[in-house]
Amino acid sequence: LDFVPVNPAELETALHINAVEAALVAEPWGTVLESKGYKVIDDLGSINDFPTTILVVRKEFYDSHKQQIDQFLKEEQTTLDFIKSNPDKALLDIQQHLKTNAKKELKIDFLKKSFNRVKFKNELDRNKLQELVDIAREVKYFRHEVSF
């Protein structure tokens with residue numbers, strides 16, 4: 001079993017040309033691929049509890065930029081609160097962001113469906129993170145040793 005990093009916006013092409021057989025992918029890309037006829041297996045139990053984004057910084061950077069990092073984390077919580085309390089506006093904002101930055105125009109219906117698959121939270125389950133680290137280590141994803 002080989003693991004190959006693929007830009008999510010290019011995953012459909014990679015699947016189509018058989019460059020990859022399967023993918024673990026964040027939303028909304030799973031919903032987009034499902035709309036194109038690919039099978040999305042979303043009843044994977046605890047695999048859906050893995051964090052999709054974590055912030056990692058060098059200790060020296062954290063020590064010298066603690067105030068900015070704390071502000072970033074505060075704004076991240078504000079964003080999560082906004083998404084939870086204004087899902088329709090958040091969907092429109094995400095749609096525009098993807099159109100501008102990923103050059104992908106996704107229908108609101110796709111984004112709504114993908115929202116139903118995502119848990120918006122900022123609590124980190126360290127056991128799940130350790131599982132991800134173990135998997136990445138096993139497939140030699142890291143160039144250097146990683147610890148947290």
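- For Glu34 (side chain) and Lys39 (main-chain N/O), no donor-acceptor pair under 3.5 Å exists by modelled atom type.
- Shown here is Gln67, whose CD atom has no more than 12 heavy atoms of other residues, nucleotides or ligands within 6.0 Å.
- Side-chain contact between Lys74 and Gln77: absent, with no pair of heavy atoms (C-beta onward) separated by less than 4.5 Å.
- At a threshold of 4.5 Å between side-chain heavy atoms, the hydrophobic network of Ile, Leu, Val, Met, Phe, Trp and Tyr places Leu33 and Val118 in one connected group.
- Considering CG of Asp81 and CD of Glu76, their distance stands at 9.5 Å, rounded to 0.5 Å.
- Between Arg137 and Asp134 there is a salt bridge, with a side-chain nitrogen of the basic residue lying less than 4.0 Å from a carboxylate oxygen of the acidic one.
- Two residues are said to be in side-chain contact when any heavy atoms from C-beta on lie closer than 4.5 Å; Asp88 and Leu92 fail this criterion.
- Under a cut-off of 6.0 angstrom, the local environment of CZ in Phe72 is sparse, with at most 12 non-hydrogen atoms contributed by other residues, nucleotides or ligands.
- Annotation: side chain of Tyr62 is in contact with side chain of Asp70 (closest heavy-atom distance under 4.5 Å).
- What you find for Val6 and Ala14 is that their closest heavy atoms are CG1-CB, 4.1 Å.
- Between the side chains of Glu75 and Gln71, at least one donor N or O lies within less than 3.5 Å of an accepting N or O.
- Identified under the side-chain hydrogen bond (donor to acceptor under 3.5 Å, both in side chains) test for residues 18-27, with sequence neighbours left out: Glu27-Thr31, Glu27-Arg117.
- How far CG of Asp125 is from CD of Glu131: 8.0 Å, rounded to the nearest 0.5 Å.
- To the nearest 0.5 Å, atoms OG1 (Thr78) and CD1 (Ile83) are separated by 11.0 Å.
- Phe120 and Leu111 end up in the same hydrophobic cluster when Ile, Leu, Val, Met, Phe, Trp and Tyr side chains are linked at under 4.5 Å.
- Taking CG of Leu80 as the reference point, atom OG of Ser85 lies at 10.5 Å (rounded to 0.5 Å).
- Contact of the Glu12 side chain with the Tyr38 side chain is registered, since non-hydrogen atoms from C-beta on lie closer than 4.5 Å.
- Closest heavy-atom contact between Phe115 and Ala90: CZ-CB, 4.3 Å.
- Distance CG/Asn86 to CG/Leu91: 10.5 Å, rounded to 0.5 Å.
- Distance check, rounded to the nearest 0.5 Å: CD1 of Ile69 to CG of Asp63 gives 9.0 Å.
- Under the 4.5 Å side-chain criterion, counting only non-hydrogen atoms from C-beta, Phe110 is not in contact with Leu98.
- Screening residues 98-110 for side-chain hydrogen bond (donor to acceptor under 3.5 Å, both in side chains), with sequence neighbours left out, gives Gln96-Thr100, His97-Asn101.
- Of all heavy-atom pairs between Gln95 and Leu106, the closest is NE2-O, 2.8 Å.
- At a threshold of 4.5 Å between non-hydrogen side-chain atoms, the residues Gln130 and Val133 count as touching.
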